[in-house]
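Residues: numbered from 1 along the sequence shown.
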Amino acid sequence: MEFFATAANIPVHILDSKKGDTTILMLHGYLETMYIWEDMYQELSKDFRVIIADLPGHGLSCSAPVNTMEFIATVCKGILELCGVEKAYIAGHSLGGYAAIRSCIMYPSVFQGLILFNSHPYKESERLTELRQREIQVIGEGKMMVLADLSIPKMYCPSNLRRMDEKIRQTVELCETHDPSGIISSIKGLVAREDTSEYLSKAPIPVMAVFGADDNLVDTAVQIRFAADCPNVRIECLPECGHNSIAEYPSRCCELIRDFTKGNC
């Protein structure tokens, strides 16, 4: 069921499959909407209750002045309360992964497992912080769609671009639904986020991180550092995959989720 409801005092756009003994809340990434999960939502709904939503500042959801990871976590808790869910797994892609980690830190009794796709626990690098500031400037000049046209294809492995052309086109077109000020608020939240590697190094719940071998945003050096800092985290790396594993290989990502949750439900 697709609906709007108020969580953490903002209207949020939500889709809830309603059926299933085990629930997974899935959070999309920067410049995406909940529809990036479309293929995985359809597949996982056969086995789980799946809830997806537009994150604050994205799609049809409203925004806070700054969409911090703490604020998004509060929204996530509110979504689950609205849906009558007491316990859930939480999965996040990129930005959604940062917010998912913070959700587990803030609400440890709610989340029973954490799944990260193309995400990590570290603060923004200086290079990315500079890039974010330029993105704020571009969006302020009314060129958000230019940014989307340039940025979204770079999320994919070059060898997958032709195969993913329709998904890329759809994602870019859906950027028309974003409020530019909401995206700027989300960028500010990305820049402000704190390092959470200490939490993940001794997380009280199972954690899995899925990466792409050709991810140019979470590169091999970051993946190696993550594995070294958090040896308890299950690491999976998909060959010929860029920064958008959930779109490039949705069936494989579903398989990994099923295997990860097996015995933990």
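Among residue pairs with one or both ends in residues 51-80, those qualifying as ring-ring contact (aromatic ring centres under 6.0 Å, His included) are His28-His58, His58-His178; sequence neighbours excluded. Among pairs with a residue in residues 221-232, those fulfilling side-chain hydrogen bond (donor to acceptor under 3.5 Å, both in side chains) read Tyr122-Asp229, at least two apart in sequence or across chains. Listed by first and then second residue, the ring-ring contact (aromatic ring centres under 6.0 Å, His included) pairs involving residues 132-158 amount to none (not counting sequence neighbours).
Ile224 and Val218 are not part of a single hydrophobic cluster, where members link through side-chain heavy atoms under 4.5 Å apart. A single hydrophobic cluster is seen to contain both Tyr98 and Ile235, as judged by linkage of ILVMFWY side chains at heavy-atom distances under 4.5 Å, directly or through other members. The cluster map of Ile, Leu, Val, Met, Phe, Trp and Tyr, joined by side-chain heavy atoms under 4.5 Å apart, puts Phe226 and Met69 in the same cluster. One hydrophobic cluster, built from ILVMFWY side chains closer than 4.5 Å, holds both Ile105 and Val207. Both Phe111 and Ile14 are part of a single hydrophobic cluster, where members link through side-chain heavy atoms under 4.5 Å apart.
Cation-pi contact between Arg252 and Phe117: absent, since separation from the ring centre below 6.0 Å together with deviation from the ring axis within 45° is not met.
Annotation for Leu82 and Thr6: closest pair CD1-O, 3.5 Å, computed over non-hydrogen atoms. Taking both residues in full, the closest heavy atoms of Ala7 and Ile79 are given as CB-N, 4.1 Å, listed atom of the first, atom of the second, then distance. In terms of heavy-atom proximity, Leu114 sits nearest to Phe260 at O-CZ, 3.7 Å. Residues Ala8 and Val75 approach most closely at CB-CG2, 3.7 Å, considering heavy atoms. Nearest heavy atom pair, residue Leu44 against residue Cys254, reads CG-SG, 3.7 Å. Taking both residues in full, the closest heavy atoms of Cys175 and Ala148 are given as SG-CB, 3.7 Å, listed atom of the first, atom of the second, then distance.
The main-chain N or O of Leu128 is found under 3.5 Å from a side-chain atom of Ser125 such that the two form a donor-acceptor pair. The closest donor-acceptor contact from the side chain of Glu248 to the backbone of Asn244 lies under 3.5 Å. In terms of modelled atom types and a separation under 3.5 Å, the side chain of Glu32 and the main chain of Gly29 share a donor-acceptor contact. Checking side-chain atoms of Ser17 against main-chain N and O of Ser45 turns up no donor-acceptor pair under 3.5 Å. Within the 3.5 Å criterion, the main-chain N or O of Arg163 finds no donor-acceptor partner in the side chain of Asn160. Side chain of Ser61 to backbone of Val12: no donor-acceptor contact under 3.5 angstrom is found.
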Under the side-chain contact (heavy atoms from CB on, under 4.5 Å) rule, what do Ile24 and Ile90 come out as? Steps first, then yes or no, please. CA-CA 6 Å; Ile24 303 178; Ile90 187 167; over 6 Å; no

Phe3 vs Cys83, side-chain contact (heavy atoms from CB on, under 4.5 Å): CA-CA, chis, key distance, verdict: CA-CA 11 Å; Phe3 62 101; Cys83 295; 4.1 Å; yes

Begin with the C-alpha distance, continue with both residues' side-chain angles, and end with the deciding distance and a verdict on side chain to side chain donor-acceptor pair (under 3.5 Å) for Ser186 and Asn67. CA-CA 5 Å; Ser186 297; Asn67 293 318; 3.1 Å; yes

Please step through side chain to side chain donor-acceptor pair (under 3.5 Å) for the pair Ser119 and His93, ending with a clear verdict. CA-CA 6 Å; Ser119 195; His93 173 239; over 6 Å; no

Check against side-chain contact (heavy atoms from CB on, under 4.5 Å), Asp219 and Asp215: CA-CA 5 Å; Asp219 61 22; Asp215 189 331; over 6 Å; no

side-chain contact (heavy atoms from CB on, under 4.5 Å) between Lys202 and Glu198, intermediate numbers included: CA-CA 7 Å; Lys202 49 188 176 186; Glu198 184 177 356; 3.5 Å; yes

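Rounding to the nearest 0.5 Å places CG of Leu200 at 4.5 Å from CD1 of Ile101. Taking OH of Tyr35 as the reference point, atom CG of Asp54 lies at 7.0 Å (rounded to 0.5 Å). In this structure, Ile184 CD1 and Ile139 CD1 are separated by 5.5 Å, a value rounded to the nearest 0.5 Å. Glu38 contributes atom CD, which lies 9.0 Å from atom OG1 of Thr33 (distance to the nearest 0.5 angstrom). For the atom pair CG (Asp179) and CG (Leu60), the distance works out to 11.0 Å, reported to the nearest 0.5 Å. Note that CD1 of Ile115 and CE of Met26 are 7.5 Å apart. Values are rounded to the nearest 0.5 Å.
In Glu126, the CD atom is not crowded: 12 or fewer heavy atoms of neighbouring residues, nucleotides or ligands sit closer than 6.0 Å. For Lys19, the NZ atom sits in a loose shell: 12 or fewer heavy atoms of surrounding residues, nucleotides or ligands are nearer than 6.0 Å. Around CD of Glu173, the count of heavy atoms belonging to other residues, nucleotides or ligands within 6.0 Å exceeds 12. The 12-atom threshold is exceeded at CG of Asp195, counting heavy atoms of other residues, nucleotides or ligands nearer than 6.0 Å. Around atom NZ of Lys87, more than 12 heavy atoms belonging to other residues, nucleotides or ligands sit under 6.0 Å away. The environment of Glu240 atom CD is sparse: at most 12 non-hydrogen atoms of other residues, nucleotides or ligands sit within 6.0 angstrom.
Salt bridge status for Arg234 with Glu236: present, with a side-chain N to carboxylate O gap under 4.0 Å. Under the 4.0 Å criterion applied to side-chain N and carboxylate O atoms, Arg258 and Glu43 are assigned as salt-bridge partners. In this structure, Arg193 pairs ionically with Glu124, as a charged nitrogen and a carboxylate oxygen lie closer than 4.0 Å. Salt-bridge formation is not detected for the pair Asp21/Arg49: no Lys NZ or Arg NE/NH1/NH2 atom is positioned less than 4.0 Å from an Asp or Glu carboxylate oxygen.
Using a 4.5 Å cut-off on side-chain heavy atoms (C-beta onward), Glu135 and Tyr30 make contact. The shortest distance between side-chain heavy atoms of Tyr107 and Thr74 falls below 4.5 Å. At a threshold of 4.5 Å between non-hydrogen side-chain atoms, the residues Thr23 and Tyr89 do not count as touching. Using a 4.5 Å heavy-atom cutoff, the side chains of Val50 and Leu25 are not in contact. In this structure, Glu86 and Glu81 have side chains that are not in contact, with every pair of non-hydrogen atoms separated by 4.5 Å or more. Lys77 places a side-chain heavy atom less than 4.5 Å from the side chain of Val110. Leu150 places a side-chain heavy atom less than 4.5 Å from the side chain of Val146. Taking 4.5 Å as the limit, some side-chain heavy atom of Ile36 sits within range of a side-chain heavy atom of Ile246.
Tyr249 and Glu255 share no donor-acceptor pair across their side chains, judged by distance under 3.5 Å alone. Asn118 and Ser245 share a side-chain donor-acceptor pair at under 3.5 Å.
When each of Leu27, Leu55, Leu15 is paired with Met34, the side-chain contact (heavy atoms from CB on, under 4.5 Å) condition holds for Leu15 and for no other.
Taking the six-membered ring for Trp and the full ring otherwise, the centers of His13 and Phe4 sit less than 6.0 Å from each other.
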